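First up is the structure itself, then whatever we jot down about it.
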Amino acid sequence: MQFVSLQECAQNPSCLNIWGRTGYTADGNIRLNPLTLFWTASGIEIAVENLPNLCLFADIEASWKHYRPYLSIWINGKRVRRLAPEKGRTRLLLWDSAASDTAAIRETTEQCAAESAEQGKIVYIRILKECQAMAGDSAHRLALHGFYIDKSGESETVFADVFEDVFAPVPERPLLFECIGDSLSCGEGLEDPIDGKEWNPAWQGTRNHFALILSQRFNADISVLAQSGWGLLCGWNNDPACVIPPLYPCVCSLAKGGINREAGASQAWDFSRRKTDAVIINLGSNDEYAFRAAAWEDPASGKTYKLHGDADYARLKAAAKNFIGEIRRHNPDALIIWCYGMFLTGCMDLFRSAVEEFRAENGDDKVRFIELSPMDDTTAGAQKHPGPLCHKEAADLISEVLREYGM
């Protein structure tokens, strides 16, 4: 069995496609020793030759104190597995050409192997993080070190050139969409565990997520920045520290702890690394909820915080306009779409007005507002959050606007 590190993979950059923001070294290269997956839907995509008796494993590392990370494996666009790795290093089976001893994987690999024969015997494999970055757990981490490759099942198997023998180029996608939000963009409710009394990352998922639907429809790469319960002025509970806009210029500054700092979480994000074609904002529901929630008391100072009244609605509108301005400064050519309405609808006119005013004041015709279809009993998922049907309806509405702009 032969080990290939991500750093070795990077020597042939066409063989490795990375989703999501990552830390980078002093010379500007992505940190690949290992690659830390911070945000929802961050991950890697590779392509391998469907060789007889080929087994491919990922070398995964996981750690946490309160919230364990989840990941998924996708083969040729289909999610094969979703799991929570154990703490430490794990060798995780990605592909077995001879079929796996796990029935679920065997069925999918056989199906995908047949499909890949029509595609020149190339199998596309993706590993994605299934849950958000964890602001409340400084030990939370999911990282990828590389791959173990076994062609014959014999321990002495060595390839003369793994990139020529095993890996194939991953087709470059022409578009990049960035999705910013809260639990709606974390995919909360897309998985269906037993109802619990405490919040659990097991409820979050990427299958049927509106961003993944858009990726498939437009052949686009995706980068998600989302945190459940957070907003523009405060979180769902009126905590003013739980806000998304200050996070935007950084890789993933809410990920605390030494291990995340070493991985580059607090670094300024280099927006010049790749042009973003569309920024999709699905944010504001927690601010709306905070108007009806109880006041939050800061345990350190004893000071209380609460959104209420016209003055705070005006602040919320101003915060939305300011955030659009911040996004525009970093993405001068991107289409910016503000979506609202999947969960709550009371602030619909406020956010619509914020977008229209920004558009008029700045002469910016690439800023749009979309009223999304609200979740109902037929489109709800787990934990009283939007389910697959609601995400598809959102993707349909967003797709219409993306196509208007030639994407």
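Since the structure is predicted, the reported quantities are computational estimates derived from the model, not experimental observations.
Aromatic ring pairs are classed by plane angle as parallel below 30°, tilted from 30° to 60° and perpendicular above 60°; the pair F351 and W338 is parallel. Using cut-offs of 30° and 60° on the angle between ring planes, the pair Y313 and F291 is parallel.
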Pair up each side-chain donor or acceptor in residues 87-94 with any protein partner under 3.5 Å, not counting sequence neighbours, and list the distances.
from, atom 1, to, atom 2, distance (Å)
K87, NZ, W64, O, 3.1
R89, NE, D59, OD1, 3.0
R89, NE, D59, OD2, 3.3
R89, NH2, D59, OD2, 2.7

Pair up each side-chain donor or acceptor in residues 364-372 with any protein partner under 3.5 Å, not counting sequence neighbours, and list the distances.
from, atom 1, to, atom 2, distance (Å)
D364, OD1, R328, NH2, 3.3
D364, OD1, K366, N, 3.0
D364, OD2, R328, NE, 2.7
D364, OD2, R328, NH2, 3.2
K366, NZ, D333, O, 2.5
R368, NH1, E404, OE1, 2.9
E371, OE1, R352, NH2, 2.7

Scan the side chains in residues 254-262 for donor-acceptor partners under 3.5 Å anywhere in the protein, sequence neighbours excluded, and list what turns up.
from, atom 1, to, atom 2, distance (Å)
K256, NZ, S253, O, 3.0
N260, ND2, S138, O, 3.3
N260, ND2, K256, O, 2.8

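Checked by atom type and distance alone, the side chain of K275 never pairs as donor or acceptor with a backbone atom of N331 at under 3.5 Å. Although no hydrogens or angles enter the test, the distance criterion places no donor-acceptor pair under 3.5 Å between the side chain of T345 and the main chain of M348. In this structure a side-chain-to-backbone donor-acceptor pair under 3.5 Å is present from S399 to A395. Remark: the backbone N or O of G231 is not paired with any side-chain donor or acceptor of D287 at under 3.5 angstrom. Checking side-chain atoms of E288 against main-chain N and O of C347 turns up a donor-acceptor pair under 3.5 Å. Checked by atom type and distance alone, the side chain of H66 never pairs as donor or acceptor with a backbone atom of D137 at under 3.5 Å. In this structure a side-chain-to-backbone donor-acceptor pair under 3.5 Å is missing from K321 to L316. Of the possible polar contacts, one joining the R273 side chain to the G28 backbone as a donor-acceptor pair under 3.5 Å is found. Under the 3.5 Å distance criterion, the side-chain polar atoms of S353 are left unmatched by any main-chain donor or acceptor of L350.
With sequence neighbours excluded, no residue forms a ring pair (Phe, Tyr, Trp, His ring centres under 6.0 Å) with W230. Evaluation of the ring pair (Phe, Tyr, Trp, His ring centres under 6.0 Å) rule for F38 yields no partner, not counting sequence neighbours. When the ring pair (Phe, Tyr, Trp, His ring centres under 6.0 Å) test is applied to Y405, no partner is found at least two apart in sequence or on another chain.
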| For Q227 and I244, what are the C-alpha separation, side-chain angles and deciding distance, and is it a side-chain contact (heavy atoms from CB on, under 4.5 Å)? | CA-CA 8 Å; Q227 190 73 181; I244 295 293; 4.0 Å; yes

| Yes or no on side-chain hydrogen bond (donor to acceptor under 3.5 Å, both in side chains) for E178 and T276, after CA distance, side-chain angles and deciding distance? | CA-CA 7 Å; E178 187 175 65; T276 301; 4.9 Å; no

| task | Check the pair T36 / R141 against side-chain contact (heavy atoms from CB on, under 4.5 Å), numbers first and verdict last. | result | CA-CA 7 Å; T36 299; R141 180 171 181 253; 3.8 Å; yes

| Yes or no on salt bridge (charged side-chain N to carboxylate O under 4.0 Å, His left out) for R217 and D396, after CA distance, side-chain angles and deciding distance? | CA-CA 10 Å; R217 288 181 180 175; D396 291 343; 2.5 Å; yes

| Given R359 and E356, is the salt bridge (charged side-chain N to carboxylate O under 4.0 Å, His left out) satisfied, shown in steps? | CA-CA 5 Å; R359 182 183 172 102; E356 291 176 351; over 6 Å; no

| query | Between D27 and N29, does a side-chain hydrogen bond (donor to acceptor under 3.5 Å, both in side chains) hold up when you go through it step by step? | reply | CA-CA 6 Å; D27 56 5; N29 293 319; 3.1 Å; yes

| task | Given side-chain hydrogen bond (donor to acceptor under 3.5 Å, both in side chains), test D221 with S223 step by step and report yes or no. | result | CA-CA 7 Å; D221 287 328; S223 178; over 6 Å; no

| query | Please walk me through it: do S185 and F210 pass side-chain contact (heavy atoms from CB on, under 4.5 Å)? | reply | CA-CA 8 Å; S185 299; F210 74 86; 3.7 Å; yes

| task | Let me see the working for E357 and K317 under side-chain contact (heavy atoms from CB on, under 4.5 Å), right down to the final yes or no. | result | CA-CA 10 Å; E357 287 182 15; K317 182 177 177 180; 2.5 Å; yes

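Of all heavy-atom pairs between L307 and N238, the closest is N-OD1, 2.8 Å. The shortest non-hydrogen separation linking C339 to I280 is SG-CG2, 3.8 Å. Shown here for L54 and E49, the closest heavy-atom pair between the two residues is CD2-O, 3.2 Å. Of all heavy-atom pairs between V251 and A265, the closest is CB-O, 3.6 Å. In terms of heavy-atom proximity, R68 sits nearest to P85 at NH1-O, 3.6 Å. Listed here is the closest heavy atom pair of K384 and F343: O-CE1, 3.1 Å.
Residues L128 and L212 are in side-chain contact: their nearest non-hydrogen atoms beyond the backbone lie under 4.5 Å apart. Put simply, the side chain of S285 reaches to within 4.5 Å of the side chain of L184, judged on heavy atoms. I46 is listed as a side-chain neighbour of L16, based on a closest heavy-atom distance under 4.5 Å. Taking 4.5 Å as the limit, every side-chain heavy atom of T206 sits out of range of all side-chain heavy atoms of L190. Side-chain contact between F323 and F358 is absent, with no heavy-atom pair separated by less than 4.5 Å. Residues Q204 and Q132 are in side-chain contact: their nearest non-hydrogen atoms beyond the backbone lie under 4.5 Å apart. With a 4.5 Å cut-off on side-chain heavy atoms, I327 and I180 count as touching. No side-chain heavy atom of H209 sits under 4.5 Å from any side-chain heavy atom of I222.
With rounding to the nearest 0.5 Å, the separation of OG in S215 from CG in L176 is 10.0 Å. Remark: I75 CD1 to I125 CD1 distance equals 5.5 Å, nearest 0.5 Å. The CH2 atom of W296 lies 4.0 Å from the CG atom of D239; values are rounded to the nearest 0.5 Å. To the nearest 0.5 Å, atom OG of residue S228 and atom NE2 of residue H385 are 5.5 Å apart. The structure places CD of E130 at 10.5 Å from OH of Y70, a figure rounded to the nearest 0.5 Å. Atom SG of C179 is separated from atom CD1 of I398 by 7.0 Å, given to the nearest 0.5 angstrom.
Partner Y289 forms a side chain to side chain contact (heavy atoms under 4.5 Å, CB included) with one of L344, D182, N237 and no other, that one being L344.
With no hydrogens or angles considered, no side-chain donor-acceptor pair links R79 and S72 at under 3.5 Å.
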